[in-house]
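In the text below, chain A, chain B and the rest are named by the order of the sequence lines, each starting its count at 1.
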Amino acid sequence: MSAGVADRHLRALELPVVEAARLLVGCTIAHGDASGVIVETEAYHEREPACHAHIGLTARTRTLFAAPGIAYVYRSYGIHALLNVVVEPEGVGAAVLIRALEPLTGLPAMGRRRGRPRPTDLCSGPGKLTQALDIGLELNEAPLLTGPIRLGPPPGDRPAEQIVAGVRIGITKAVELPWRFCAAGSRHVSRPWPAGLQAPAG
DNA sequence: CATGGGATTGACT
DNA sequence: GTCAATCCCATGC
């Protein structure tokens with residue numbers, strides 16, 4: 001096995017968070033028998049105010065300042081668990097929010113947990129994919145290379161994804177940063193890509 | 001100890 | 001398009 005494509009998820013863990021967010025599109029996330037290909041990510045870094053780590057080291061943000069390669073899972077709006085991949089060296093607060101997956105395996109179980117069988121309704125949002133993969137707050141700080149959640153390289157039989165970048169969604173601070181990355185043309189993203197930023201057709 | 005704000009979603013007008 | 005559900009945690013008294 002040669003280095004390169006197969007190690008993409010490992011290289012991402014060594015890079016600055018914005019580059020990591022771009023590289024993680026196309027990689028895989030699995031929990032139990034359910035898995036999917038990452039088709040949408042966002043980068044968050046302590047130096048900008050939309051990041052939880054911006055306020056410094058607290059009980060909640062401790063995870064973000066830890067060594068790379070673990071999960072940061074937190075509750076959003078009192079309802080949903082959101083999954084992040086912690087990156088950058090220990091002591092730096094940064095993480096990549098996993099915003100959408102293209103379902104790969106375990107679709108029946110995902111559909112049961114989601115209460116909606118349509119493939120494009122299973123993992124097309126940060127709160128949806130954690131419900132589909134049964135990822136809860138108890139998995140905060142779980143290692144991502146040794147399980148139970150597993151971050152893996154892109155499936156070997158898939159062509160490299162074309163990636164488009166845009167501004168992050170659902171935040172009120174630092175709204176101008178183009179730190180959202182999507183697989184171009186994917187029907188599994190959380191929201192349709194703005195028409196003006198659509199990747200060149202064909 | 002009380003309060004308020006969300007990195008969202010699904011239902012509804 | 002609007003809006004409520006619901007809870008962790010940071011902050012302030």
Side-chain angles (χ1 to χ4, degrees), chain A residues 12 16-22 24-25 29 34 36 38-66 68 70-88 92-103 110-142 144 149 151 164-183 186-195:
Chain A
V17 66
V18 178
E19 294 174 52
R22 179 185 286 273
L24 285 176
V25 174
I29 291 278
I38 299 171
V39 296
E40 180 178 348
T41 63
E42 286 177 359
Y44 288 86
H45 192 282
E46 59 169 304
R47 71 175 174 281
E48 47 88 14
C51 181
H52 293 166
H54 189 64
I55 61 174
L57 186 58
T58 67
R60 181 196 205 189
T61 64
R62 179 183 65 174
T63 311
L64 288 168
F65 288 93
I70 64 172
Y72 169 52
V73 185
Y74 75 97
R75 187 164 304 290
S76 173
Y77 289 92
I79 303 170
H80 305 103
L82 269 54
L83 171 68
N84 295 250
V85 175
V86 173
V87 298
E88 304 222 6
V92 179
V96 176
L97 172 67
I98 307 302
R99 285 195 57 92
L101 307 176
E102 176 182 330
M110 291 191 200
R112 251 178 278 124
R113 286 189 285 262
R114 289 277 301 128
R116 288 147 196 278
R118 281 177 56 219
T120 50
D121 285 338
L122 295 179
C123 300
S124 55
K128 297 177 185 178
L129 70 90
T130 55
Q131 185 183 23
L133 268 62
D134 195 24
I135 292 172
L137 299 197
E138 73 281 359
L139 291 173
N140 186 42
E141 299 192 311
L144 293 172
I149 308 172
L151 173 67
V164 287
V167 296
R168 296 175 295 182
I169 291 174
I171 56 173
T172 58
K173 300 168 221 168
V175 295
E176 74 286 355
L177 295 176
W179 286 6
R180 176 186 178 215
F181 300 96
C182 289
S186 174
R187 287 171 284 110
H188 299 271
V189 296
S190 65
R191 288 165 59 168
W193 203 256

Next item on the list: Dot-bracket notation for DNA chain B is requested: 5' to 3', Watson-Crick or G-U wobble pairs only, both distances under 3.5 Å, with ( ), [ ], | and . as defined.
Entry: ||||||.|||||.

Margin query: So if I apply the side-chain contact (heavy atoms from CB on, under 4.5 Å) rule between Glu141(A) and each of Val73(A), Thr63(A), Val86(A), which one comes out positive?
Written below: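 Single pass found, and it is Thr63(A).
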
Next item on the list: Could you check Leu83(A), Asn140(A), Asn84(A), Leu64(A) and say which one makes a side-chain contact (heavy atoms from CB on, under 4.5 Å) with Tyr74(A)?
Entry: Asn84(A)

Give a yes or no on whether the backbone of [Y] and the side-chain of [X] come within a donor-acceptor separation of less than 3.5 Å.
X         : Y         : result
Glu46(A)  : Gly93(A)  : yes
Arg113(A) : Ala132(A) : yes
Arg118(A) : Leu122(A) : no
Ser186(A) : Val39(A)  : no

Item checked: Range on DNA chain B touched by chain A - first to last nucleotide, heavy-atom distance under 4.0 Å -> dG6(B) to dA11(B)

Notebook entry, point to check: In B/S/- notation, 5' to 3', how is nucleotides 5-10 of chain C contacted by protein heavy atoms closer than 4.0 Å?
Noted result: BBBSSS

Note to self: Run the side-chain contact (heavy atoms from CB on, under 4.5 Å) test against Ala142(A) and tell me which residues pass, sequence neighbours left out.
What the structure shows: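 Counting only residues at least two positions away or on another chain, Ala142(A) forms a side-chain contact (heavy atoms from CB on, under 4.5 Å) with Leu139(A), Pro148(A).
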
Note to self: Could you work out, with side-chain contact (heavy atoms from CB on, under 4.5 Å) as the rule, every residue matching Arg187(A), not counting sequence neighbours?
What the structure shows: Thr120(A)

Next item on the list: Under the side chain to side chain donor-acceptor pair (under 3.5 Å) rule, collect the residues that match up with Gln131(A), sequence neighbours excluded.
Entry: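 Once residues adjacent in sequence are excluded, the partners of Gln131(A) under the side chain to side chain donor-acceptor pair (under 3.5 Å) criterion are Arg114(A).
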
Next item on the list: Would you kindly compare Thr172(A) and Ser190(A) by the position of their nearest DNA chain B nucleotide and give the one closer to the 5′ end?
Entry: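 In this pair, the answer is Thr172(A).
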
Item checked: Side chain proximity check, His45(A) to Glu88(A), heavy atoms < 4.5 angstrom -> yes

